[in-house]
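Here is the structure we will look at, set down as structure tokens.
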Amino acid sequence: MRNELYIDGRWVKPMNGGTFHVINPATEEIIHAAPAASPEDVEVAVAAARRAFDKDGWSRTSGRQRAEYLRRIASGIRARLGELSRLEVLDNGKPLPEAEWDIGDAAGCFDYYADLAAKLDNDSEEEVLLSDGRFLSKAVKEPVGVAGAIIPWNYPLLMAAWKVAPALAAGCTMVLKPAELTSLTALELGAIAEEAGLPPGVLNIVTGSGSVVGQAIVEHKDVDKLAFTGSGPVGSAIMKTAARDIKRVSLELGGKSPFVVFGDADIEEAVEWIMFGIFWNQGQVCSATSRVLVEASIYDRLLARLVEATRNIKIGDGLEEGVLLGPLVSRKQHQQVSAAIEAAKATGATVACGGKRPAGFEKGYFLEPTILVDVPLESDAWREEIFGPVVCIRPFETEEEAIELANDTRFGLAAAVMSSDDLRAERVAKAFRAGIVWINCSQPTFTEAPWGGYKESGIGRELGRWGLENYLETKQITRFV
Ligand code: TAP
């Protein structure tokens, strides 16, 4: 576990000597004192990123050269999959197999953007003769500049990969700030980049709090683009500050995603996908399908099966064999999610299962997987993101009613539908006002497919070629002939 920041290709202590405690959420033990950067450290990091972009020529390297570095980073991550996965569990609490899955995906993300970087070299557009026949014009793509990335704690290394890989592929340089709650694997990414021979200043990693380190990045005049994943209020504040000097902004924010199950769906399959959709990563997932709408004809049977299966989920320390649900990430998150369940009960909702600290767990931020029924449509439990293993479930009568209920939210990140009628599933998928829609499944995420939200769930798309566009400008070059 590292106690230095990665700035300009070197490991440096924070200038003010600051540290913060890293706590294992399964044991509540302090396991490390991580480096807390100051605004002065951010200043040095941004200057290094600026120099690497403008003077050292990262922006002018060929896509193929950048691809080479990205592939080496991917290999470095894979070579340390076991170690990085364990660190992620200690820091975040998630079960080890989930952490291994995330780390493998992070490596895959670097490989994917290596391919796209290499393709950029052959991406030059044909010159076209403009209307009066005396001008030739073409459009070229160029990197935006210095990017600042601020990421959350739910997928620590994976969220870093989603931002670092496309930014570097495009030819941008970056200053990355992981969440204070989960900084360990992001710092390891610095070590992997160093081993990959990435030129100094191309990737800088500064750890510390959002209000100090994050804010300093957001306010910095030499940062051209901000990429943020996290809560709506912080995303909104970032956008406001960024507006001052017209920084480019992409935001991946929260959701309250619906999962519509029709009466012709297979109940067992539906239960499996619902559980995957809401309990994976302890429900701390922006796209978690946290509102389940079930056609009245199968509602009682599906609910009974869901309750039974949920009661069988093995809870425990993420390093323990067979555990499917670890602790929440922090005491604060545990308090917030527990308070949301209590508030739901006060509005008339009924706890069908879960709802409290599991028996036998005195330490650790553990919470039972929870199913809420009879949740009033106007209550916070139905409308606001809980970001924990809590699902609200209710019956519906008609397709129109299901769509109306599904779309009645200020969020629009994800939505899912299950039906054996393909035409109906397609119709409902198109009717959802959400950026990500799953048919007959929930949550599978692919590096090749666009990721992002409608409405208050964000701006822009990550992943796929859309993720690369976030870090590119388009320039027209026109000549007089
Ligand atoms: P946020 O406060 O939004 O944290 C996300 C990131 O932003 C962290 O790196 C955080 O730093 C940083 N940050 C905080 N304030 C900032 C500021 N003023 N300027 C720049 N950066 C700043 O989320 P949270 O407090 O961890 O979680 C709160 C709620 O947000 C959760 O309950 C959940 O509803 C939602 N959330 C959503 C997502 C996704 S993926 N959409 C992810 C996490 C949380 P520090 O944490 O280090 O201070």
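Just the heavy atoms: all of them, side chains too, but no hydrogens, waters or symmetry mates, feed the values below. All ligand and atom numbering here is 1-based and tracks the order in the structure. Since the model is a prediction, treat every value here as computed from it, not as a measurement.
- Using bins of under 30°, 30° to 60° and over 60° for the plane-to-plane angle, the ring pair F366/F361 lands in the tilted bin.
- Annotation: cation-pi pair K94/Y155 present, NZ/CZ under 6.0 Å from the ring centroid and within 45° of its normal.
- If you look at ligand 1, the protein residues with a non-hydrogen atom under 4.0 Å away are I150, I151, P152, W153, N154, K177, P178, A179, E180, G208, S209, G210, G214, Q215, F228, T229, G230, S231, V234, E252, L253, G254, C286, Q333, Q336, E385, F387.
- Defined by atom type and a distance below 3.5 Å, a donor-acceptor pair is missing between the side-chain atoms of D91 and T182.
- For the residue pair E252 / W162, no side-chain donor-acceptor distance below 3.5 Å is found, with atom types taken as modelled.
- Between Y69 and W58, the ring planes are tilted. Angles from 30° to 60° get that label.
- When only modelled atom types and interatomic distance are considered, T409 and K455 share no side-chain donor-acceptor pair under 3.5 Å.
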